Amino acid sequence: MYGLLRFLKPYRFQIACVLLLIFGQTMADLYLPTLMSDIINTGVMKGDVGYIWRVGRLMMLVALGGTTASIVAALLSSRTAMGLGKDLRDAIFAHVEKFSLREFDKLGTPSLITRNTNDVTQIQMVAIIMMRMMVSAPIMCIGGLIMALSKDKGLTWILAVTLPILAAMVLLVATKGISLFRAIQKKIDKINLVVRENLEGIRVIRAFNRVNHEKQRFHEANLDLTETSIRAAQLMALLMPFMMLIMNLTTVAIIWFGGIRVDQGTLDIGNMMAFFQYAMQIMYALLMASMMFIMIPRAQASAARIHEVLATAPEIVDAPVTRNAGRERSHVEFKNVTFSYPGAEEPAIRNVSFDARPGEVTAIIGGTGSGKSTLLNLIPRFYDVDQGSVLVDGVDVREMAQEELRAKIGFVPQKAVLFSGTVAENIRYGKEDASEEEVRHAAEVAQAMDFISQLEGGFAAVVAQGGTNLSGGQKQRLSIARALVRKPEIYLFDDSFSALDFKTDARLRAALKREINGATVLIVAQRVSTVMDADRIVVLDEGRVAGIGTHRELMQTCEVYREIVSSQLSEEEIA
Ligand code: ADP
Ligand code: MG
């Protein structure tokens, strides 16, 4: 966790300035009561107006200096803390971008979001408080005590009684508060989880009439948080009046016993006033210190969470020496590939070998969970294989630069992902500098023109966040167009035709065939009609290759394939 301290480095100058300013302000605060006692003792009691003016002017100057230092320190410390927060968010974001899917699986997307927002805010807050209190609280306590003693030793016993009580109280509340605030942090996480799941799954919740169940779930999490928060607030509420009571009792005691001594002539009235003010300063410093004690553990928990992200090394990194693609263009080859997800008992892909050659369409078919998506994800190196190797253009993907590898690939994921923006912007995501003509052409091949032209504004129509204003099939076609506009060497379609009707599916594949010239196409599908006319079909069954060949060959040799076909097509279609 202390690794995060490196983020303070760029701000060391500012921090030093703040600490120095606060030091100055504290010194001014400590000096003021002494000046005041001088005015009263020498000026007022002896009627020396000139002295009052002289010391009064000095007092004004000191007060002005202290206030200015305090204002500048406040500005500077806020600036520093906000800058620190910005740096942390940047660092987390940049680091997370390097993660492979394995790390996303491990840390969880919602948690990554909370870490980059809420946890950073906690750190910012504590950074401000620390900068201000770290210097002033201890100096105030110790300096105040010394100054008070220098004013009068006879009243010290009052502080000797009240300060330990106060300190004990602060300590008690702080230790109790720490565990409460830790619990609150966890409960906020829980609420976040429930809310997120609800918002994302609202359609399912409605459809299955689970609204009341979800309400109850939220209610419980909410109540839990509320109860803990109330207990924390009660504790704090208890602290305040108690502190005020002790402060007031101290005041009364000082004036009472001080008054007696003033009456006897053994104590100057100015010294008594100064003593009183120092006592207040010490108590105030203690109060502030208690705030700090409560905030630090919260920030500590946040810092640990942030550190966990930053300390997670991305598993997939470029090899120290990368190789350029070989001479064979757009060729994908699997050689005895085995891969398992972390924590899974069985490999998702087992000993898979096949070849996908340029200018041909290679289809992959298999039941759900047979490992089709997993297999495709290995090509852009979203995951690394456990055994064997995936070759692109004759080079192992682990030896290639990730950017170079992914520049070759047009990937259409199983679940279409769109970004908020216009239709054209979403298609251009595949190729930033695509001309209008290129965008239009990609949309035509993807069979998206008919619905785009119906949209208000056509290509300039707005796609809502997550593409919620489009149908599943429309989203799929846009994400296909996005891959097409890239004119990649390798096309990867992960079940991308599943939401299209048969006619559109067929038209799209026919248009695609004319489009690809020389590229390698890998189509994952569950529908036999989608893969039937592919040059080569790979049949997957529980992560294993059950057969490779054309539709005709497989019908004769592959039992698994025959089963899939007979479950989907009628007798005459098969013939
Ligand atoms: P398909 O695309 O053929 O339906 P997948 O490749 O998505 O199948 O999944 C293959 C197997 O791997 C399944 O048993 C699934 O439960 C598992 N799996 C898929 N994704 C993950 C993941 N991110 N973490 C762990 N297991 C996974
Ligand atoms: Mg899949």
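None of these values were measured; they are calculated from a predicted model. Counting convention: from 1, in listed order, for ligands and their atoms alike.
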To the nearest 0.1 Å, how far is atom 1 (P) of ligand 1 from its closest protein heavy atom, and which atom is that?
G369 N, 3.5 Å
Quick one: does ligand 1 sit under 4.0 Å from the side chain of S373, the backbone, both or neither, non-hydrogen atoms only?
both
Mark whether atom 25 (C) of ligand 1 lies under 4.0 angstrom from at least one protein heavy atom.
yes
Between S340 and D386, does the side chain to side chain donor-acceptor pair (under 3.5 Å) criterion hold? Intermediate values first, please.
CA-CA 7 Å; S340 14; D386 295 335; 3.0 Å; yes
Point-to-point distance, once rounded to the nearest 0.5 Å, from CD of E214 to CD1 of I205:
4.0 Å
Pick from T374, L101, L376: the one approaching atom 5 (P) of ligand 1 most closely through a non-hydrogen atom
T374
Around M449, counting heavy atoms of other residues, nucleotides and ligands shown, do more than 12 lie under 6.0 Å from its CE?
yes
Region of Y383 engaging ligand 1 - heavy atom pairs below 4.0 Å:
side chain
I'd like to check which ligand 1 atoms, numbered from 1 as shown, lie under 4.0 Å from a non-hydrogen atom of G367.
3 (O)
With a 4.5 Å limit on heavy-atom distance, are the side chains of F354 and V337 in contact?
no
Using 2.8 Å as a strict upper limit, say whether an N, O or S atom of Q414 approaches the Mg ion (ligand 2) that closely.
yes
Looking only at heavy atoms of P342, does any of them come nearer than 4.0 Å to an atom of ligand 1?
no
Compare every heavy atom of P347 with every heavy atom of T338, then report the nearest pair and how far apart it is.
CG2-CB, 4.0 Å
Q526, CD: over 12 other non-hydrogen atoms inside 6.0 angstrom
yes
K372 to ligand 1: N or O pair under 3.5 Å?
yes
Less than 4.5 Å apart, any side-chain heavy atom of D105 and any of Y383?
yes
Non-hydrogen protein atom less than 4.0 angstrom from atom 16 (O) of ligand 1
no
For ligand 1, the portion of D105 having any non-hydrogen atom under 4.0 Å away
side chain
N, O or S from T368 under 2.8 Å to the Mg ion (ligand 2):
no
Taking only non-hydrogen atoms of A348 and a 4.0 Å limit, the atoms of ligand 1 in range are 12 (O)
Is the Lys NZ or Arg CZ of R527 less than 6.0 Å from the centre of F502's six-membered ring, within 45° of the axis?
yes
Nearest-neighbour protein heavy atom for atom 18 (N) of ligand 1, which is reported as residue plus atom name and distance
Y341 CE1, 3.2 Å
What are the atoms of ligand 1, with element, lying closer than 4.0 Å to any heavy atom of T368?
4 (O)
Could you tell me if any non-hydrogen atom of G371 lies under 4.0 Å from any atom of ligand 1?
yes
Flag yes if more than 12 heavy atoms outside Y429 fall under 6.0 Å of its OH atom; otherwise flag no.
no
Quick check on side-chain hydrogen bond (donor to acceptor under 3.5 Å, both in side chains): which of K503, R477, R507 does Q447 satisfy it with?
R507
